[in-house]
Amino acid sequence: MTDTAFTTERPGQKLGLFAAVALVMGNVIGSGAFLLPAQLAPFGWNAVIAWAVTIGGALCLANAIAQLTARHPGIGGPIGMVRVSFGPFAASIAGFGSWVSFLTANATLAVAATSYGGSQFPWLLAHPALASILLVWILTAVALASTRLASVVQSVTMLLKLVPLLIALALIIAIIARPGPAPVPPFVWADINITAVGAAAALALWAMVGFEAASLAEDIVDQPVRNIPRATLFGAGLSGLFYLVVCSGVMLLIPAAEMAASNAPFALFIGTYWGPQLASIIGIFAAIAAMGALNGWILLHGELPRSLAVRGLFPAFFGRVTARRTPYAALITGSVITTLLLAANSSKDTAALFAFMALLSTSCSLWIYLACSIAAIRLRAAMITSAVGVAFAVWALWGAGITPSALSFALMMAGAPLYWIARREGPLAPLGREPAAIS
C-alpha cells in the first residue's frame, strides 16, 4: 500500500491506465503469498473457496473507494473520505487505524523474512521475534539514513519477489498438464463450512491489502475519473486471480500436514517437485521479497503520520522531518511500536506469530475499508457494491476472530488522544492539496 494521495501533483508525470494497473498490482502482490499456503493448508478446499470470496469482497471494497475517489477528486484518499463523511475526529481515528495496520504489517513481514531466512540460516528460527526486531531496525536505519537508498532497495526487491511466484506458477501448470490425475485431495462438499471459509478468508485478505493504491495516488493518475475505477478493478482482479492459482496450487499439491508444518511453503513445494537446490535459492528470493516489502511499509509508517500531522489530524511531533524531509519522529516511533508488538508475542513460533500479526493487520485495515464503504453509501457512490463491501468487511472481521478484531478496534480507538492533542496545537488544514511541511 502506498500513500501517494498526500503528495503534490507533478505535471508531466501522470500515470496512464496501464501504469495505474501496475501500481495496484505492485502493491497487492507481495510477500503475503509466501507463508499463506502453510497457514491455509488446514482449511483444505475451504481455503480455495475463501480465496474466491475474498477476491469478490475485495473488489466490492475497492470499487467503493475507487468510485468515491473518481466522483470527489481531491478528497484525499480513504482518510479524506472518512473526514468528509464523518468529520475530522473520525478521520484522525481512521488515520491512526491505518498507521496501526502498517505497523502490524511490518511485524508480519519481518516474521516472513525471518521464516524464509531460517530455511538457510536455522539459528534465526531459534529466536524469531528477536531476529525480526533486528531486521525492522536495520531497515529503519536505512530509511533514516537515505530515502534514495531505501528507494533503491525497494526497486530491486520488487523485481526479485516475482521470481519465486512465477517459478511456482510454471511448476503448477506443468504438474496439472502432465498425464494422469493431479495429486490433490478430493473435493468433498461435506467438508465445506462457513466458519472455516470465514477464518481462511480473513487470512487471505492479508494478501489483498493494498488494492486502494490507485485511489491513494489520485493526484498523479491521468484522467482519474476514468482510470482509477478501471485500474483498481483490473489490478485487484488480476492480482486476486494470480493468488488464487498460485497459493491454492502450492497448498493443494503438498499433503496438508506437511504444508502446515513448514516455515517456508514455497521452498517446500519447489523442493518436492523440482529439487532441493532450487528450493534453497527460492527461499533466499522469498526472504528478500519480504525484506523489500518491509522496507516499503517502513517508509509508509513514517510518511502517513507526517501527512496527518501537517493536516492537523495528528500532533505536530509526527510532522518533524530532517533537512532531507525524512520524517524521523514518525519513523522511530513506528518502529518502537512494531518492536513492542513483536516482543509481546515472542513466545510464539514463526508460523503462529505470522498468523496472529497477519490477522491483526488485516483487521485494522478492515475497519478502514468498512468506514469507506459506509462513507460511499452516505455519499451515494457505488451503492450496491458498497453495501456488499460493508457486509464483506463485517463478515471478514467475524472470520478473523474476536481477539484480533477486538484488539485492532481497541488499538484504533487508542489514537483518540492524538487528535485531542492536535486540536490544542492548532487549526485543521483544509481538504485538498497538502499544506507546507512542519519545520
Side-chain angles (χ1 to χ4, degrees), residues 21-22 24-56 58-59 108-109 112-113 115-116 119 157-178 182-185 187 200-201 203-211 234-256 258-260 262-274 278-279 281-290 292-293 351 354-355 358 362:
V21 170
V24 173
M25 295 186 69
N27 279 270
V28 172
I29 297 177
S31 64
F34 293 127
L35 284 180
L36 280 177
Q39 303 303 319
L40 294 174
F43 298 101
W45 281 99
N46 287 286
V48 180
I49 296 174
W51 272 115
V53 174
T54 298
I55 294 166
L59 288 174
T108 311
L109 291 166
S115 183
Y116 267 95
S119 65
T157 54
M158 181 180 67
L159 296 175
L160 293 178
K161 73 182 179 183
L162 296 176
V163 173
L165 297 174
L166 293 175
I167 290 177
L169 177 61
L171 193 53
I172 290 167
I173 294 173
I175 294 170
I176 294 176
R178 69 187 183 186
V184 299
F187 180 86
L203 282 167
L205 187 59
W206 153 252
M208 293 294 294
V209 169
F211 55 72
F234 288 161
L238 290 173
S239 299
L241 181 62
F242 186 81
Y243 272 135
L244 173 64
V245 174
V246 174
C247 286
S248 297
V250 169
M251 177 191 71
L252 293 175
L253 288 169
I254 296 290
E258 188 177 354
M259 176 58 67
S262 175
N263 286 316
F266 265 71
L268 170 64
F269 171 72
I270 292 173
T272 300
Y273 286 100
W274 201 317
L278 183 59
I281 297 174
I282 292 302
I284 294 173
F285 273 98
I288 292 173
F354 174 86
T362 301

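Quick caveat: nothing in here was measured; it's all calculated off a predicted structure.
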Would you name the heavy atoms of Val250 and Pro265 that are closest together and state the gap between them?
CG1-O, 4.1 Å
Rounded to the nearest 0.5 Å, what separation is found between the CZ atom of Phe187 and the CD1 atom of Ile49?
4.5 Å
Residues in ring-ring contact (aromatic ring centres under 6.0 Å, His included) with Tyr273, at least two apart?
Phe269
Compare every heavy atom of Met208 with every heavy atom of Gly240, then report the nearest pair and how far apart it is.
CA-SD, 3.8 Å
Please round to the nearest 0.5 Å and tell me the distance separating atom SG of Cys247 and atom CG of Leu165.
8.0 Å
Sub-4.5 Å side-chain heavy-atom contact between Ser239 and Phe211
no
Roughly how far, to the nearest 0.5 Å, is the CH2 atom of Trp51 from the CG atom of Leu241?
11.5 Å
Working to the nearest 0.5 Å, report the span between CG of Leu252 and CD1 of Ile176.
9.0 Å
Over all atoms of both residues, closest heavy-atom pair of Ala38 and Met259:
CB-O, 3.4 Å
Can you name the side chain to side chain contact (heavy atoms under 4.5 Å, CB included) partners of Ile55, sequence neighbours left out?
Leu59, Leu244
Determine the minimum heavy-atom distance between Ile172 and Gly249, stating which atoms define it.
CD1-CA, 3.8 Å
For Ala47, the side chain to side chain contact (heavy atoms under 4.5 Å, CB included) test, sequence neighbours excluded, returns Leu40, Phe43, Ala200, Met251
